[in-house]
Amino acid sequence: DHREVYRGRIFSLVVDRVTLPSGHTATMEFVRHPGSVVLLPVPEPGHIVLIRQYRYAVNRWLWEVPAGSVDPGEEPEEAARRECHEEIGQVPETIVRLGAFLPTPGYCNEEMIFFRLSGLTVPAEPATTDEDEDIEPRTFTIPEAREMIRRGEIVDMKTIVGLGLI
């Protein structure tokens with residue numbers, strides 16, 4: 001049995017009655033998500049661009065690596081290029097896939113695909129930003145960003161994982 005109880009702009013919430021590998025049946029509630037890209041923009045060796053963004057769900061400003069959902073029919077590399085333009089105003093010459101991880105597999109099927117982006121340039125055309133985003137990009141050295149984690153200034157898990165990949 002499958003029932004979609006909510007469909008939003010980014011994700012949907014479903015309730016399924018399933019038979020588990022053990023043979024038991026259970027009602028499972030979970031979030032269906034189209035997947036996302038997590039960007040590690042490297043403007044020069046030893047540096048990374050982070051964004052300061054207001055996150056309503058936790059009612060605070062967070063330092064994070066840029067990220068965004070993959071649109072229907074869009075390849076992850078295309079999404080990485082688009083999100084880089086939208087969130088930091090630059091486009092990458094080189095996009096390297098570093099890995100894919102499941103942030104919350106207990107209740108969500110989202111897969112986060114991590115990319116290192118380099119050869120960043122400012123294009124002639126400015127990007128359009130999402131209306132619900134208030135973003136401030138800033139370049140840090142990798143040691144500065146790692147120190148921000150130690151001081152509790154970076155608490156976003158995808159950012160912490162991403163910094164561990166470069």
Exercise for review: Quick one: which residue pairs count as a salt bridge (charged side-chain N to carboxylate O under 4.0 Å, His left out) with a foot in residues 91-119, not counting sequence neighbours?
Suggested key: none

Check your understanding: Given the rule that I, L, V, M, F, W and Y join up when any side-chain heavy atoms are under 4.5 Å apart, are Leu50 and Phe114 in one cluster?
Key -> yes

Check your understanding: Quick one: does Leu98's side chain get under 4.5 Å of Ile166's, heavy atoms only?
Key -> yes

Check your understanding: If you measure from CG on Leu39 to CG on Leu117, what distance do you get to the nearest 0.5 Å?
Key -> 5.0 Å

Review point. Which heavy-atom pair separates Val14 from Glu4 by the least distance, and what is that distance?
Key: CG1-CA, 4.0 Å

Check your understanding: Met112, Met157: one ILVMFWY side-chain cluster at the under-4.5 Å cut-off?
Key -> yes

Check your understanding: Would you find a donor on one side and an acceptor on the other, under 3.5 Å apart, between the side chain of Asp156 and the backbone of Thr159?
Key -> yes

Review point. Does Trp63 reach the side chain of Glu136, with side-chain heavy atoms less than 4.5 Å apart?
Key: yes

Practice item. Determine, step by step, whether Arg82 and Glu86 satisfy the salt bridge (Lys or Arg N to Asp or Glu O under 4.0 Å) criterion, reporting the C-alpha distance in whole Å, the side-chain angles of both residues, the deciding distance to 0.1 Å, and the verdict. Key: CA-CA 6 Å; Arg82 174 182 51 75; Glu86 290 176 4; 3.5 Å; yes

Review point. Can you name the side-chain hydrogen bond (donor to acceptor under 3.5 Å, both in side chains) partners of Glu153, sequence neighbours left out?
Key: Arg151

Review point. Taking only residues two or more places apart in sequence, or in another chain, which ones meet Tyr107 in a side-chain hydrogen bond (donor to acceptor under 3.5 Å, both in side chains)?
Key: none

Review point. Is Arg60 close to Val155 at the side-chain level, that is, under 4.5 Å between some pair of heavy atoms?
Key: yes

Review point. Is the backbone N or O of Glu83 less than 3.5 Å from a side-chain atom of His85, with the two atoms forming a donor-acceptor pair by type?
Key: no

Point to revise | Polar side-chain atom of Arg81 near backbone of Pro92 as donor-acceptor pair, under 3.5 Å | key: yes

Exercise for review: Kindly assign one of parallel, tilted or perpendicular to the pair Phe11 and Tyr6, based on the angle between their ring planes and the thresholds 30° and 60°.
Suggested key: tilted

